[in-house]
Amino acid sequence: MKTAEGLKMMAAKLLIPPAAGARAVAGTMPALHGRTAHVVPEPRVSRTRIREHAVPERHTGNTASAPSSRVLLGGAAVDLLGFSEAIGLISARATSRELPPLAIASANLDHINHFGIGSRWASVLANGSSTLDGSPAINWLTLLDGAPLVSEAHRLTGRSWPRLAGSDLIGPLLDAATDLQLRVGFLGGAESAHESLKSRFSRERPGLVVAGYWSPGRDELTDPAASTFLATAIAAAKVDILVVGLGKPRQELWIAEYGALTEARILLAFGAVVDFLAGRIQRAPEWMSSNGLEWAWRLALEPRRLARRYLVDGPMAYASLRSKSSSPEEVPGDAPGDPAERPAPTTLAPPPVGNRGFAVAGQTADVAVLVVTYNNADDVDPLIESLRSEAADQWLRVIVADNGSSDGTLDALSRYDDVISFPTGGNLGYSGGINAAQRLCGDVRYLLVANPDLVIERGSVAAMIARQRHSGAGIVVPALLDEDGSIYPSLRREPTLPRALADAALGRRLPGRPACLSEIDYDRVSYQHAHPVEWATGAALLIDAGLASELGPWDERFFLYLEETDYFRRAREAGRVAWFEPAAKMRHRRGGSGSSAALTALMAVNRARYAEKHHPPATAAVFRGAAVLSEALRAYQREHRPALRALLGKRHWEQLPHAVPAPQAKHDDGGHLRGFPAGSIIIPAHNEAAVIARTLSKLEPLAASAAVEIFVVCNGCTDNTGEIAGRFHGVQVVEVDEPSKTLAMDTGDALATAWPRLYLDADVEIEPVAIEQLFRRLGEGDLLAARPAAQYDPGDATGLVQAFYRARGRMPSTRSGLWGAGAFALTREARARFGTFPPVQADDVFVDRHFAAHEKEIVTCRPVTVHTPKDARALVTVLGRNYRSNVHLLKFQPAEGGSGTGQSLRELLGSIRGPLTAFDATVYAGFAVAARLRKGPGAATIWERDESSRR
């Protein structure tokens, strides 16, 4: 048996000295409705001796002295200890005032259901996390309980471990508390159970010091103010060991949020142990416990309360246990009960006391608030006023992008000198507006995307920042309130086929369904505690600026609806988690986008678009079929019929709401667009009859108004490319005999007179508003070269081709160079860095190598559309051409900075986050190898191109 000093030494080895003691809570708190009972004064006794406890034989087996290990069981971290080690560790921690509080949880199948991988509360019990207000961390010790988990731990480690049920540990722990005169408190259980407990303790444990009993109601436990007051009442009672019997997961969630405020050294999340101690629930017979049948005993005693846990959730948790468990060697982390050593976040410098001003351009800011307006003149004043209150806690820069309002929204915003507001040049949609605003955010730490019809409750932005720093989340979302103050169900789950089919059959608004059959999270408990989420409605999102930079522009194809779904998914694929923070509250009028048959159709079509973007064609087709079923079942309602037509035929998609540039009606006396920056566009074209009209139709407003010079240089064309281009008023068509792209670009340079110049491939579509933003950015004087953001349009490409471009889109280098978009722009100074273009096909790579990173930029604007090859053969042709072009380029311009192949391989491996991304990376690598092995034409200047995207 271990000595008291030995137990202390063991505990010291398992723990790291941490931060300071608990924060005192000040201020007036609400009463607890008279439910706090009999608080006992603290005795003046020594706390230096730990009694040696006799361990029942059935608990020890041969593991009493086994070293501790940690395993993942169903994705939940579980600490493996012998019975004596657990008692010694907990007892030692109870006597220490230098270490953080230690919470003890019991891991059984119900624990995996609530805290295992993929569950709602999966990351809530992370060791080493500090509380939002800076009070000390709660360290978690999760002990093995439940026969299936004991069996799985044995399989993983090759040794036997005892079950450490709370009902077995509580007796020895109360013995230790009596011996050391530690003060024990009981939170949870009925008041009648507490009365029975007092009577029993007076007879059986007369030396036990009980500091108090608390029996709060459910409403008190879910009310932050009441829970804070309850925690301070416990702290006032000087509780050393707090037994928390609120039921799983409520007890663990309450401890995680409020446990540090109780100032208890030990918090035991022991469920029904109060009822066991009071004799209200009878323990299972020994033979049932020994054979793993205690669950059947509990179910027989309380069938109504426990049927779902054991008969519905239990089998699913068992499946997770068998498929998602890991041995100690595969589990990162510290010793049991250890505070994780997370680097302290840098402190934000607060604004001066009483600040209500916003940081303007050029001033330092912590948060850029990005707002997109469309006829929101009545909404902006309440939003700005609520943001001024938040400006007292952190520096805010408020940027409003207006999508063509006609109700005086910009006039209303012009009254605020410290609000940056501007027109986007049309109705670019929610994503387009965010992208336009993000370009002006400057050097900040966070982006807060906010709907214009929000009113932000005081302290919400600070609470979201605290949650981000606390959890390392990539995105934090607040609680959204309806105008009457009720919680709006804003939390969502990733669209899956079962959820899509359930929504089709039952409707999206029917609550009470299992999580696997509902995209919307209606569970009231989800909105009461902070936890990771898959995604949430995009009315308010705090985004880490580093993540925003990594992800790049929002996908503007969605225009309105599901753009945030796509953004959250991209964040998850980048390895970042989103968290919900209930302490942040914002009232949302939810009237901004309105409702119409066209918007209903757009919602349905965007679901199909989302499935096509993120799933193989066969799976996407099933998703689209589920959407068709949903609209067909509701076709008796007039507003759903356009949605059904749109889903049945893609030709209707272009008729749905989409980005619309501003009307090009404001001309000066010379017929030029008023205020549009000068510049030239040079389009080399070789037999581009199939696509040139598609490209020029986007530029027609600019060409007709002579806002910019547009040259189509037909080089060696044998089709009617020039004839088609000549039909567009204002486009200048030039014919040269030699089929050379670089010669065509030099020819355009010789004819053009304006700067900057955009060199545009003939099959790439770009909107006038993107050209305006690109030219304006180059006109600011700090850049020499730029290209617009780009998006791949796979159309009806095969699944392998789509996988290739998904992998390519995750590689950082695709978002840092001038190449890859079929469009780049140069200032006069930039163009002077080289003479004529060399006879190479990799002209964009050639240009990119002339500029340092700080001299070039990918401009956040409406992305150009790059049409991808449609099949594997065409893709290999394009990749082979690119590879040979880059090799040929080395004759004119040696590469710098090491191996491009090595860099691509590192980026590709770094993009792998799971099975899907691994599949995509494998496909990418396969195509890259095939392209290098493919033999092509000898002349690198021959235009070996993909014809499949031109059909």
Side-chain angles (χ1 to χ4, degrees), residues 70 72-79 86 90 93 100-132 135-146 149 164-167 169-170 173 185-189 214 216 218 220-222 224 227-228 230-231 234 239 241-262 264-274 309 313 317 320 333 336-337 339-340 470-471 523-532 579-580 582:
R70 175 171 291 170
L72 284 182
L73 299 181
V78 178
D79 303 305
I90 297 169
R93 282 294 288 267
L102 179 65
I104 293 88
S106 297
N108 49 24
L109 287 179
D110 196 35
H111 186 87
I112 290 177
N113 176 54
H114 291 296
F115 299 103
I117 191 168
S119 66
R120 179 169 30 178
W121 316 113
S123 302
V124 172
L125 307 187
N127 261 343
S129 57
S130 60
T131 57
L132 290 182
S135 49
I138 287 285
N139 298 151
W140 284 91
L141 180 69
T142 304
L143 300 177
L144 191 61
D145 187 11
L149 278 73
L164 301 181
S167 51
L169 292 171
I170 190 64
L173 289 175
F186 293 88
L187 172 62
W214 293 269
R218 177 172 295 186
E220 292 171 276
L221 293 170
T222 57
S227 284
T228 301
L230 173 60
I234 295 170
V239 173
I241 298 177
L242 182 65
V243 181
V244 184
L246 302 175
K248 197 179 288 291
R250 186 177 293 111
Q251 59 198 15
E252 287 85 359
L253 297 175
W254 193 92
I255 290 172
E257 293 188 43
Y258 305 103
L261 298 180
T262 68
R265 308 311 307 150
I266 299 295
L267 300 105
L268 304 173
F270 278 0
V273 76
V274 170
R309 178 194 300 182
D313 297 334
S320 180
H470 162 79
S471 64
D523 192 338
R524 183 180 166 192
V525 178
S526 293
Y527 299 87
Q528 296 167 349
H529 303 280
H531 63 97
W579 273 72
F580 168 70

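Quick caveat: nothing in here was measured; it's all calculated off a predicted structure.
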Ignoring hydrogens, what is the shortest heavy-atom contact between [X] and [Y]? Give both atom names and the distance.
X	Y	value
Leu149	Asn108	CD1-C, 3.7 Å
Ala260	Pro101	CA-CG, 4.5 Å
Val124	Ala256	CG1-CB, 4.0 Å
Pro216	Leu230	CG-CD2, 3.9 Å
Ser106	Gly166	OG-N, 3.9 Å
Arg70	Asp79	NE-OD1, 2.8 Å

[X]: which residues meet the side-chain hydrogen bond (donor to acceptor under 3.5 Å, both in side chains) condition with it, sequence neighbours left out?
X	result
Trp121	none
Glu252	Lys248
Arg250	none
His529	Glu257

Evaluate the criterion side-chain contact (heavy atoms from CB on, under 4.5 Å) for residue pair Leu268 and Ile241; output intermediate values, then yes/no.
CA-CA 8 Å; Leu268 304 173; Ile241 298 177; 3.8 Å; yes
Contacts of Ser119 that satisfy side chain to side chain contact (heavy atoms under 4.5 Å, CB included) - sequence neighbours left out
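Partners of Ser119 under the side chain to side chain contact (heavy atoms under 4.5 Å, CB included) test: Ala122.
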With sequence neighbours excluded, residues passing side chain to side chain contact (heavy atoms under 4.5 Å, CB included) with Ala103:
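Side chain to side chain contact (heavy atoms under 4.5 Å, CB included) check on Ala103 returns Ile138, Trp140, Ile255, Leu267.
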Might you work through the side-chain contact (heavy atoms from CB on, under 4.5 Å) test for Phe115 and Asp110, ending with a clear yes or no?
CA-CA 8 Å; Phe115 299 103; Asp110 196 35; over 6 Å; no
What is the distance from atom [atom1] of [X] to atom [atom2] of [Y], rounded to the nearest 0.5 Å?
X	Y	atom1	atom2	answer
Thr262	Leu187	OG1	CG	9.0 Å
Leu253	Leu221	CG	CG	11.0 Å
Leu125	His114	CG	NE2	11.5 Å
Thr142	Leu164	OG1	CG	11.5 Å
Ile266	Leu242	CD1	CG	11.0 Å
Leu141	Ile90	CG	CD1	6.0 Å

Flag, side chain of [X] to backbone of [Y], donor-acceptor distance under 3.5 Å:
X	Y	answer
Arg93	Pro100	yes
Gln251	Gly247	yes
Asp145	Ala107	no
Ser227	Pro224	no
His531	Phe580	no

Decide side-chain contact (heavy atoms from CB on, under 4.5 Å) for Phe186 and Val239; before the verdict, give the C-alpha distance in whole Å, the side-chain angles of both, and the deciding distance to 0.1 Å.
CA-CA 9 Å; Phe186 293 88; Val239 173; over 6 Å; no
Checking Val78 against Leu72 for the side-chain contact (heavy atoms from CB on, under 4.5 Å) test, could you report, in this order, the C-alpha distance in whole Å, the side-chain angles of both residues, the deciding distance, and whether it holds?
CA-CA 6 Å; Val78 178; Leu72 284 182; over 6 Å; no
Does the side chain of [X] reach to within under 4.5 Å of the side chain of [Y], using non-hydrogen atoms?
X	Y	answer
Ile104	Leu143	yes
His111	Leu73	no
Leu173	Phe270	yes

Using the test ring-ring contact (aromatic ring centres under 6.0 Å, His included), find all partners of Tyr258 that sit at least two apart in sequence or belong to another chain.
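Tyr258 satisfies ring-ring contact (aromatic ring centres under 6.0 Å, His included) with Trp254 only.
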